[in-house]
Amino acid sequence: MRVACPLCGDRDSREFTPVGGAELVARPAPEAGAEAWDDYLHNRVNACGPSQELWYHGAGCASWLVVERDTASHEVLGVTLAREVAR
Amino acid sequence: MRVQGRGHALDRGRSLPFSFDGQMMHGHPGDTLASALLANDQRVIARSFKYHRPRGLFSAGPEEPNGLVTVRGPWGPVPNQRATMAELYEGFCAVSQNRWPSLGFDVLGVNDLAHPWLGAGFYYKTFMWPPKFWLKLYEPFIRRAAGIGALSREHDDTPQEKAFAFCDLLVIGGGPAGLMAAREAGRAGKRVILCDEQSGFGGRLLGEREEVGGMPGHLWAAGVVAELEAMPNVRVMARTCVTGVYDHGTFAAVERVGEHLAKPGADLPATCFWRIVAGASVLATGAVERMVAFPGNDRPGVMAGGAVRSYLNRWGVLAGPRVAVFGGGAGVARTARELAAVGLPPVAVIDSRAGAEAPEGVEAPFFAGAQVAAVQGRMGVQSVTVQAGRTREKIGADVLAVCGGWVPQVQLATHLGAKPEWRDGLFLAPDGAVPGMVVAGAAAGLAGTAEALRSGAEAAVKALGLTGDVELPEAEDGPREEAPHFVDLKGRAFLDMGNDVTVKDIRLAAQEGFARAEHTKRYTTQGMAPDQGRVSGEAAMAVLAEATGRTLAETGLTTHRPPFAPVSIGAMGAGGRGKGFAPVRETTSHAATVEAGAPMVEAGLWYRASYFPREGESTWREACDREVRMVREAVGVCDVSTLGKIDVQGPGAAALLDLLYTGKMSGLKEGRVRYGLMLREDGHVMDDGTVARLGAEHYLVTTTTGAAGPVMRHVDFAAQVLAPELDVQAISVTEHWAQFAVAGPRARAVLGAVVQEVPDLPFMGCAAVDVAGVAGRLFRISFSGEAGWELAVPARYGAALWAALVAAAEAEGGGAYGMEALNVLRIEKGFVTHAEIHGRVTAGDVGLGGMVSPSKDCIGKVMSQREGLADGPHREQLVGLRAVGAVKALSAGAFLFDEGAEATRVNAQGYTTSACWSPTLESGIALGFVKDGRARHGERMSFVDHLRDVRTVVEVCDPVFLDPEGTRMRGPVEGEGNWGSPSLKAAAPLVREAVEAGGVQLSVLEPRPMFAVLPLGGAKVTLGGMGFPAPGESAAKGVARLCWWGAGQAMLIGAEPGRVKGAAVVDQSDAWVGFALEGAGAAEVLARLVPLELETMADGAVARSLLGHMPLALVRTGAGFALYTFRSMAGTAWGELEHALRGVAARA
């Protein structure tokens, strides 16, 4: 697989660590309640089709990335710095 | 037998002796093992998988299902090599497989007599009872009876290489279509890789007598290859089989580099496993002639018609003087004419089509609308029974050439999940099956050379969006062929010859309900042999279609998956052995430690001293006990450089650490250190370590050795994703600092020997110190429970400081201690490591619940307060355990039970995590977790280690066995030390003589200043006239170069920046080691280790990536590359680079 890092360009997937759904970007407030925290920690959309995932470019620029990827076709639809998504 | 006047591949002037099954034979340069065996009239080459039937060659190419042999090559025996692919060399040694005692007489040939009972799935039905017999008796027996080649069971040290390549267009297959595609793209200036799995380019042109562009086809092909090889933008790769297609234009290919040579050079790899990234691809894999399933079709001598022509034209060999030809199309006439042309017209021409006409100009008995009903001759064809209508005729023959029609090789086009479609009587790849791939030539179902040439050129134009006219050479048209898939007559007709699957087996599978293609495959093993059903798959599905009353289109083919051709595990795992798999990280004390005779223990990738044996000590325990007593009574020195160190700076540093740690790090005073606990967001402990505040906006965080990487990732996550609003920079400084623990009552004296003015630090204090003229850092922290300090200096001084500290410690009655003693010391104090914080414990469980600050949020805090995770009697809590039973030696991983309770899982009250013999307490002690453990101090429990069969009694106690008040580590310290005014000599990270091979030089770069420049507050940083570089770029001024080094970070190499406005500066001079790889072929060498497109990098371009499994920062220089990796891995990096250098040079 190839992932186009916004900073490093098109790279082999071996440089990255996929971490899971990009839901992890939106951390609830401490007082958000059990349901919100349960969702944040445990529940993922896990779509067959376009999905938002978090990847870490650990063997590259050390950026956290939000990779939009079609899990059915493996097509990468877009890669954004997670820092920008979080803001 | 050889035929004069044919065989353009041969050099008949030279003779090559070789052996098959110990028998000496002769061939010529240009021969394959297959052609040479046929020339020597060796008809039986193997015994079949299940029935041990004698088998000969069916094909002349990579699709060969029968002719598998063991080749005794330069690196030992290699089983299951296709005789058709093995290039002959002098002294070539091949041995047949799956027979005992010999090919001619095989005892297990009796299986063939039992064939009525050995059909598909027979063993599932036959060997059911008693169930116990399956594993011990039936399966081993079946495995021995059935099979192909056997592994030698020796360690395989065949040198294998891997490499990365990039191109605009990958052309798979070097026949007429592939050559035209490569030529079009090459002439257009595109970067092209052309692969063909055979040794020669030309595909079918090599086996046929055909003119292309007014010259013999094989000469035209050679001309095109010569043109391509002269183009700098084209890489021509013979003997390279593309074995897999993966996402986003990634391809796997195996190149035979030295495997086919008699005496490969010392550094030459046997194979190279390529990972090719291509913008577009042309699939020109051609087609293979399929087998027709008729009774007796597996007899040695039954061959594909195209193979008979290839052997004749390419290698000048005929498998026998009397050839019968069977089929249904143009191939029949073509084969008959080729035979007639050399004066040996066929003994019979059998055309399955009713009303077919006899081939012109061939004088031979002709049968139209006829079938082959039987083939006689166990060890080789003797005669063929032809059935035309109701009459049968037996005709004497040595060879039966079967022209079954051509099956497009679309496997690679379907690796991403597309299914081949049945169109116009062929299984073809659907459009868009692989993004960017265009299928051309026979692989696209086109017949004839002219069509192949045209479609190849057009495929390149289409794939690359080229414009302009295509110049097409003149060539022959070829009609399509039509032949039956199977002949429905009585007798055993084989489909998958590699696995001995017959027409009857497929029908049986259908009858028993395994009627879908995939089910039939699994039930019968059709298509699972090394050839993956290349010549039999379509016919097998035709039988299945007939048996189930479906059309072939409905039946489909079974799924194709990588690899397309057999690949050895060794080839796939190239580069992944030894240090290539796990780089060795060495601390600065490594050499001295090895010299002291200390055995090493691996901690992650690091190597750490286990213990330092002294004279008279015969076991590790003696050394360990002595080292523990030494620290408790005098002083010990230990290398703790492996612990992760992260430098955190900026106005947001305190807030970031508050988020990361349970404790309130924003409240930490400058010059003080605090123990920190990091939770995962799910509330469990992730890691522990210390946080030192070096300045108002400057912290130094330490992590455990093993978790250094994950913690760095976690810090990046918090900074970039959870709190992007914070103005903070974090960078690992693990490699820059050598850090040593000095602990014990006399530690202060040892420090005094190397630090002239030891600051009077309180416990958990830190300060900058002058270490014999070197700027160092001193932390008063203790992991042993004794008065202790950790002293850090830049790594270049590590070796010298280690030597000075050990000498000073020895003068004080102490010395160096290793991991064993360190472990005992911390267990005695109840300090946790990852043995305790194993991922399922909370802060409360390890007795540190009070460290979760109530006044702020932190990662994991919400979850840690969840019912169930919150501290309480329902939790398993950390306890100490003291052996009080007969057995004193405790172990980790044992279970704890109430005394008298049965030692079963449901009764378990807890378990042990660490155990040791405590020389201080003279008792076996352990740490562990016990349900409501803190309330159970003083209780006796039974200790059962089921695995090691140890049972004893332990008493639960506080996990702090020694000095619970901590007076030893906190209290006043003694000793002044003798300032010996030592001088610390800087050591180079690595000393290696430069090497040169193949015009490429590898050398270690002189250490130069390296400073990370970390902008804060969104400042536009400039440095001595150099702007902050954009990603992937660098700026140079004089001897200095400012290189982009990662997200928001740059590295100044070659100069000291001093203070930089708007940026934090972190010294990294000792963290990295640099290498220069220079010369014209430098990129080619580096492609063995680095997954980057190197050739297109501009001078001054920078990339962060991987060097094998090591971190890499790469700067493209005028002469080649400057490569930087971590100091600790310098030795491994050098070894890997030198290996790659020599491997590439050996090809020249």
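Letters go in sequence order (proteins before strands), and every chain restarts at 1.
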J.: Could you tell me the separation between the CZ atom of R191(B) and the CG atom of D168(B), rounded to the nearest 0.5 Å?
T.: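 If I round to the nearest 0.5 Å, the distance is 4.5 Å.
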J.: If I measure from the heavy atoms of chain A, does W1045(B) come under 4.5 Å with its side chain, its backbone, both, or neither?
T.: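 Contact with chain A is absent: no heavy atom of W1045(B) under 4.5 Å.
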J.: Would you please classify the geometry between the H57(A) ring and the F16(A) ring as parallel, tilted or perpendicular, with 30° and 60° separating the classes?
T.: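 The arrangement is parallel - the two ring planes meet at less than 30°.
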J.: Which bit of D716(B) comes within less than 4.5 Å of chain A, counting heavy atoms only: side chain, backbone, both or neither?
T.: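 For D716(B), backbone and side chain are both near chain A.
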J.: Rounded to the nearest 0.5 Å, how far does CZ of R1116(B) lie from CG of L1094(B)?
T.: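 Separation between the atoms: 7.5 Å.
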J.: Please state whether the side chain, the backbone, both or neither of E75(A) comes within less than 4.5 Å of a heavy atom of chain B.
T.: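 Contact with chain B: backbone only.
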J.: Can you tell me how far apart CD (Q649(B)) and CG (D647(B)) are? Round to the nearest 0.5 Å.
T.: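 Nearest 0.5 Å value for the CD-CG distance: 4.5 Å.
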J.: I'd like to know if E735(B) and R585(B) make a salt bridge, using a cut-off of under 4.0 Å between side-chain N and carboxylate O.
T.: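 The answer is yes: the pair qualifies as a salt bridge.
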J.: Given 3.5 Å as the limit, does a donor-acceptor pair link the side chain of Y56(A) with the main chain of V19(A), or not?
T.: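 Checking the backbone N and O of V19(A) against the side chain of Y56(A), no donor-acceptor pair under 3.5 Å is found.
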J.: Given that the side chain runs from C-beta out, which part of V76(A) has a heavy atom under 4.5 Å from chain B: side chain, backbone, both or neither?
T.: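 V76(A) touches chain B through backbone and side-chain heavy atoms alike.
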J.: Check whether A1030(B) gets within reach of chain A through its side chain, its backbone, both or neither, counting any heavy atom under 4.5 Å.
T.: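 Answer is neither: A1030(B) stays 4.5 Å or more from chain A.
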J.: So for L7(A), is it side chain, backbone, both, or neither that comes closer than 4.5 Å to the heavy atoms of chain B?
T.: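 It is both, since atoms from each part get that close.
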J.: R11(A) versus chain B, heavy atoms under 4.5 Å apart: side chain, backbone, both or neither?
T.: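 When you check distances to chain B, only side chain atoms of R11(A) fall under 4.5 Å.
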J.: Could you tell me which portion of L722(B) (side chain, backbone, both or neither) has an atom closer than 4.5 angstrom to a non-hydrogen atom of chain A?
T.: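 For L722(B), side-chain heavy atoms alone lie under 4.5 Å from chain A.
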J.: Sort out for me which of R713(B), R866(B), M712(B) touches chain A most, counting heavy-atom pairs under 4.5 Å.
T.: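 Sorted descending by pairs with chain A, the first entry is R713(B).
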J.: Under 4.5 Å heavy-atom distance to chain B, tell me which part of S13(A) shows up: side chain, backbone, both or neither.
T.: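 Answer is neither: S13(A) stays 4.5 Å or more from chain B.
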J.: Sort out for me which of V277(B), L416(B), T250(B) touches chain A most, counting heavy-atom pairs under 4.5 Å.
T.: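 That would be V277(B).
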J.: Counting only heavy atoms from other residues, nucleotides and ligands, does the tally under 6.0 Å from NZ of K419(B) exceed 12?
T.: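 Yes, enclosed.
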J.: Checking side chain to side chain contact (heavy atoms under 4.5 Å, CB included) for the pair K861(B)/T662(B): CA distance, chi angles, key distance, verdict?
T.: CA-CA 7 Å; K861(B) 182 175 169 184; T662(B) 59; over 6 Å; no
J.: For S1105(B), is it the side chain, the backbone, both, or neither that has a heavy atom closer than 4.5 Å to a heavy atom of chain A?
T.: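 When you check distances to chain A, atoms from both the backbone and side chain of S1105(B) fall under 4.5 Å.
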J.: Would you mind checking which part of M863(B) comes under 4.5 Å of any heavy atom in chain A, side chain (CB onward), backbone (N, CA, C, O), both or neither?
T.: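 The side chain, not the backbone.
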J.: Between L81(A) and chain B, which part of the residue has a heavy atom less than 4.5 Å away: side chain, backbone, both or neither?
T.: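 For L81(A), no heavy atom lies under 4.5 Å from chain B.
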J.: Hey, are E681(B) and R27(A) close enough for a salt bridge, meaning a charged N less than 4.0 Å from a carboxylate O?
T.: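 Salt bridge present between E681(B) and R27(A).
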J.: Looking only at heavy atoms, what is the nearest atom pair of D247(B) and S73(A), with distance?
T.: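 Distance-wise, the nearest heavy atoms are OD1-O, 4.4 Å.
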J.: Quick check on V1102(B) against chain A: is it the side chain, the backbone, both or neither that has a heavy atom closer than 4.5 Å?
T.: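 It is neither, since no heavy atom gets under 4.5 Å.
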J.: Counting the benzene-type ring for Trp, do F164(B) and W274(B) have ring centres under 6.0 Å apart?
T.: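 Between W274(B) and F164(B), which both carry aromatic rings, the centre distance is not below 6.0 Å.
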J.: Measuring heavy-atom distances to chain A, does L1092(B) have an atom under 4.5 Å in its side chain, in its backbone, in both, or in neither?
T.: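 For L1092(B), the contact with chain A is made by the side chain alone.
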J.: How close do C48(A) and A72(A) get, heavy atom to heavy atom, and via which atoms?
T.: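 Closest heavy-atom pair between C48(A) and A72(A): SG-CB, 4.0 Å.
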J.: Verify the distance criterion only: is there a donor paired with an acceptor across the side chains of W55(A) and E53(A) at less than 3.5 Å?
T.: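 Looking only at side-chain atoms, E53(A) and W55(A) do form a donor-acceptor pair, the distance falling under 3.5 Å.
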J.: Quick one: what part of Y246(B) sits under 4.5 Å from any heavy atom of chain A, side chain, backbone, both or neither?
T.: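 When you check distances to chain A, no heavy atom of Y246(B) falls under 4.5 Å.
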J.: Quick one: what part of V721(B) sits under 4.5 Å from any heavy atom of chain A, side chain, backbone, both or neither?
T.: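 Both parts, backbone and side chain.
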J.: Top residue by heavy-atom pair count (under 4.5 Å) with chain A, among D857(B), L1112(B), I859(B)?
T.: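 Going by pairs under 4.5 Å, I would pick D857(B).
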J.: G1032(B), P435(B), P1091(B): which one forms the most heavy-atom pairs within less than 4.5 Å of chain A?
T.: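 With the most close heavy-atom pairs to chain A, the winner is P1091(B).
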J.: What residue in A723(B), A1103(B), G709(B), A1047(B) has the most heavy-atom pairs under 4.5 Å with chain A?
T.: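 Option with the top pair count is A1047(B).
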